[in-house]
2 protein chains.
Amino acid sequence: MALPLRRRLPVLPLLLLAAGGLRAAERSGSSSSAMEELATEKEAEESHRQDSVSLLTFILLLTLTILTIWLFKHRRVRFLHETGLAMIYGLIVGVILRYGTPSTSGRDKPISCSQEDRLFTTLLVNVSGKFFEYTLKGEISPGKIHNVEQNDMLRKVTFDPEVFFNILLPPIIFHAGYSLKKRHFFRNLGSILAYAFLGTAVSCFIIGNLMYGVVKLMKLVGQLSDKFYYTDCLLFGAIISATDPVTVLAIFNELHADVDLYALLFGESVLNDAVAIVLSSSIVAYQPTGENTHAFDAAAFFKSVGVFLGIFSGSFMMGAVTGVVTALVTKFTKLHCFPLLETALFFLMSWSTFLLAEACGFTGVVAVLFCGITQAHYTYNNLSVESRSRTKQLFEVLHFLAENFIFSYMGLALFTFQKHIFSPVFIIGAFIAIFLGRAAHIYPLSFLLNLGRRHKISWNFQHMMMFSGLRGAMAFALAIRDTATYSHQMMFSTTLLIVFFTVWIVGGGTTPMLSWLNIRVGVDPDQDPPPTNDSFQVLQGDGPDSERRNRTQQESAWLFRLWYSFDHNYLKPILTHSGPPLTTTLPSWCGLIARCLTSPQVYDNQEQLREEDSDFILNDGDLTVTYGDTTITANGSSGPHTATTSLDGRRTKSSSEEALERDLGAADHEVTSRGTRLVFPLEDNA
Amino acid sequence: MALPLRRRLPVLPLLLLAAGGLRAAERSGSSSSAMEELATEKEAEESHRQDSVSLLTFILLLTLTILTIWLFKHRRVRFLHETGLAMIYGLIVGVILRYGTPSTSGRDKPISCSQEDRLFTTLLVNVSGKFFEYTLKGEISPGKIHNVEQNDMLRKVTFDPEVFFNILLPPIIFHAGYSLKKRHFFRNLGSILAYAFLGTAVSCFIIGNLMYGVVKLMKLVGQLSDKFYYTDCLLFGAIISATDPVTVLAIFNELHADVDLYALLFGESVLNDAVAIVLSSSIVAYQPTGENTHAFDAAAFFKSVGVFLGIFSGSFMMGAVTGVVTALVTKFTKLHCFPLLETALFFLMSWSTFLLAEACGFTGVVAVLFCGITQAHYTYNNLSVESRSRTKQLFEVLHFLAENFIFSYMGLALFTFQKHIFSPVFIIGAFIAIFLGRAAHIYPLSFLLNLGRRHKISWNFQHMMMFSGLRGAMAFALAIRDTATYSHQMMFSTTLLIVFFTVWIVGGGTTPMLSWLNIRVGVDPDQDPPPTNDSFQVLQGDGPDSERRNRTQQESAWLFRLWYSFDHNYLKPILTHSGPPLTTTLPSWCGLIARCLTSPQVYDNQEQLREEDSDFILNDGDLTVTYGDTTITANGSSGPHTATTSLDGRRTKSSSEEALERDLGAADHEVTSRGTRLVFPLEDNA
């Protein structure tokens, strides 16, 4: 059970591409002291040089990728995305390194030094009178000892797996959270959550079980040479369930494809990364309990579920809390006069989320995602104009570099990774399993969601979502985390192939698929779809639609409404310079606090807010209509202004809005026409 | 002689703050396998947590610093600069860590494992049947073995010295190069080069010799308990000669102090960092030759000089070449349509300079400096508007974070570094030595330079330069690189104190000093000083000034003129979209190549250029006048248009300009009025 051990081996969050450099040079001279020292020095220098060369290789790869991307963008080539390109270049360099460099240098022969049964971090070795310090790197399974003795260059370009998880993923994930197009995301939040949580769990379970069948089959046929447990299969399911439609979304963005489909795909992929990470941790946590490991055990199962919920909510909290703290700091200081300080603070706080979560035993990557969302939702509004673009651009560049680096590395790893186990049966099984797994969550879930959704997820959208289920950086990072055992090596090799296949095929097929499925393109992503006949009917208050809404939908509508009103009336005014003044939303006995917390800008912003509101009302007809005839309870943190407003179907829109607002405003003073209206998430995130 | 060994121990360029994390957890369980594994896992987790906590400490420190900086800026407090502040916070946290945490955890007791006389990178240790991999960390002097056994938390916050050199310095230095205010820098280039090269060498030599006297004295008094060689003293001289007037310059910037003084101070500090690095490498390279190490040896001395020149010019070339390649790539692709790609490429290329230089055995930090200057001079002009601000901001943020991190760490190191050797005699001697060393290069050099300079360096400027010689990040990074021996530890402790003292005292005293020295403030840094009486006289062509110019000055003038004409006529048009078309500056038989290399924008830019030119002529009177009556030989890469133009004193300005230009233009076709004028570096670097 080596995963948790390796996973937590203290490769530092910040450590960038360190692994290659940490294998010190050998000193082989054993003659006179001076000669030895010279030789030693030369070899140390040589090793340092090789480190630089190996990093240069990657930089060259990325540079080449960038130039080719430009060429492709310039020529409007769409059959190959930049990530696919990075992989191809990686592959080529991998082939060169594998077959073009001498197979083994023999300069790093390890020796065995048997000792008593205590294990230490630091080892002092006495070599001809001199003491050298060694630090523990990790455990090696006895069968792999000969593997340490391998091609020097290949080893140099092999990074510590934790580099991916602790250094390259965080900027990617943070950027995903920070660049969320909030409006369409929140509008589809229910469906996105369903796809991300339920969908990923279903997919993981189905893939895991199918693969267990495949493994059984392999055992029967005699294709399996080592252990492969049920939990391994489930872990594979979790790893491979993290979808990453970066290619598809890039093309969507370029073609301005349907915004709701975009929101669904993007939201799902962002959240299901988080779900997949926590899921795989939970599955790993499941393993070591009791004596009958790797078999089903109810107690262990519930413990795993507990771990899942604990880690997920803990990480969520961490991310949200640091986001809120940043928002408060940026609101109550005049830091925005100094954009550099502001940007630095923003960067540090966002990064501290990761460390804080790791320090508390949660998952840093997940925390970073929610931190990104919180920062975008609150802090972003407090930043100066310059800092807004600075932070956006900073994380955009980091994201771009990290992502392309991972994909290059993937290409490279196919040839330079030394422990590949390619099993045709397993691979074919895996492809079938991921296909079935995705089908089994997209279509049934869409059916269920369509029962409650006003704006249906049409068949062509469903097919597109099915098609877009490609695997990327997250699956790779999860798979490479632990390649110590036979089963994990097979899973890693298979994951690599799946990533290659899906990125190339799906990436190339997106544009044809879009036209084949008749999905409209050329939509301004910040504009709403034009009201269809269907929604127009509802605006007229027609009956049949209202009847179709079931209880679940009403509840979720109620819940979201509650959250939005809470967010708009309390969180936004406390954390940002926007929203209605707290003096109007808080009960009167909180007057002093309200006045302290409300920023003076709010009063100036009111006029502007009103305009935003009306914009919202004009554009966002859909959402309002959907929940228009439900019972609304606006329930803030404290008592007096809870109200139940029943509305008829006819005047849904303005009446529901106005009633709610009048009610909320009434607590403090009468608001003149439409002042403190409930604002659903608008894209303040330009 | 451990420096080169440790210096090159392959801590990778990119590895960020890794050291803290690379000391793996101890695994102490020796009972049953399952129990042991659990204990192991727990400890690994604990260690990872501690790593996160230690990094969080630094982030908290930086956050605190940022907030206090804001407060200080907000209140216009100038007696303490942000770097001084960072040090104070670092000190406080250092005290807490030192005295507030349990003195030793006892969890990391190292063991000795005597073995045969070969030393290996990787060590496999067999502990109760399991194999663990250890990697070589470095040599430990036998006396320090007990030091390994130290406070856990203190060790966690101790970073590998190479982190400073390979990760934190490069962004600081690149930013310095990239943000160079070129116009004033080039105008004072001669003086800056003199201060940086001659000055640093003089200062290093004087400090080294004075310290050798101090060391001799200490030996006499019996204050020296271990060896302290002459080369160590010289190394100390090199380390402490790197000035870093970041505080002073920040205040200059804020107060808009005299631009020439700013250029002199900034240029000197930027270049002398590079000189100090290479100088210290050369001194280290001097050591191991022959049997009588640490005594003077002519052959070794010249070898060191050769090493100095080799490393310096090599690093310079590396930096310049990657800068030029980036310029060519950004010029000949339409990458500027995609700012993200452009920025990423710019970042990667700049970073690859560092790696390339390290891979070739040169000094990465120095290469990065010249790369920054080249990028600012050429590439910057090719970038899209968005990329310009992006790259500026990106490196500004990196620089800010890295610098404040180093200063926080310095504060921390005063208490957490475990091998301090504070020797009062040495410290007092060092303070006197750096004072004398600075005085001995500022005043004599200024005197010599004033012989040749048109715009004199006045006494108050000289005093200000003398006063601004504070030491900062570079001295610290050089000193912490090797703290293996007694002498180096004493040097490190002394350097720390010098940095503290100079940053606080000088930082706080800058504003009073400026007013005391009557140095004018409130000057727009992009504007030239108004023509003084003195220069006005020269515009009228008066005699006495012309006579004072000596041969050296004429040569340098001729040299710079040559460089500028070459830069303007060939490099700028080839590498950027500005400058005169190559078709006009290259001989006619190069027509095809010239047409290929000249970008179409150049022809459009001509009109604009002319305006810039006249701006230059109006503003930059000083330089033109200085070299106005020298014999100008414009000698391009190929033959025909070498001309000698003798000018009388009266019409210096326009006539020299026009003659040169007419001459250069004549090779291809006659240029209509003032088209391809020689442009001295204007600030195209807005």
Nearest 0.5 Å please: distance from the CG atom of B:Leu62 over to the OG1 atom of B:Thr57. 11.0 Å
For the interface with chain A, which of B:Leu345, B:Asn404, B:Ile69 has the highest count of heavy-atom pairs at distances below 4.5 Å? B:Leu345
Can you tell me which portion of B:Thr333 sits under 4.5 Å from chain A's heavy atoms? Options are side chain, backbone, both or neither. both
Does A:Arg390 pair with A:Glu386 as a salt bridge, N-O distance under 4.0 Å? yes
What distance do B:Phe354 atom CZ and A:Ser52 atom OG have between them, rounded to the nearest 0.5 Å? 7.5 Å
For the candidates A:Leu394, A:Leu356, A:Thr343, which exhibits the highest count of non-hydrogen atom pairs separated by less than 4.5 Å from chain B? A:Leu356
Heavy-atom distance under 4.5 Å to chain A: side chain of B:Phe347, backbone, both or neither? side chain
Most chain A-contacting option - heavy-atom pairs closer than 4.5 Å, from B:His74, B:Arg49, B:Gln393: B:Gln393
Let me confirm one number: the CG-CG distance from A:Leu335 to A:Leu340, rounded to the nearest 0.5 Å. 10.0 Å
Which portion of B:Leu398 sits near chain A, non-hydrogen atoms under 4.5 angstrom: neither
Applying a strict 4.5 Å limit to non-hydrogen atoms, the region of A:Leu60 in contact with chain B is neither
Would you say that B:Leu55 contacts A:Trp351 through its side chain, given a criterion of any heavy-atom pair below 4.5 Å between the two side chains? yes
Do B:Glu342 and B:Ser387 have a side chain donor and acceptor closer than 3.5 Å? yes
Side chain, backbone, both or neither of A:Leu401 within contact of chain B (heavy atoms, under 4.5 Å): side chain
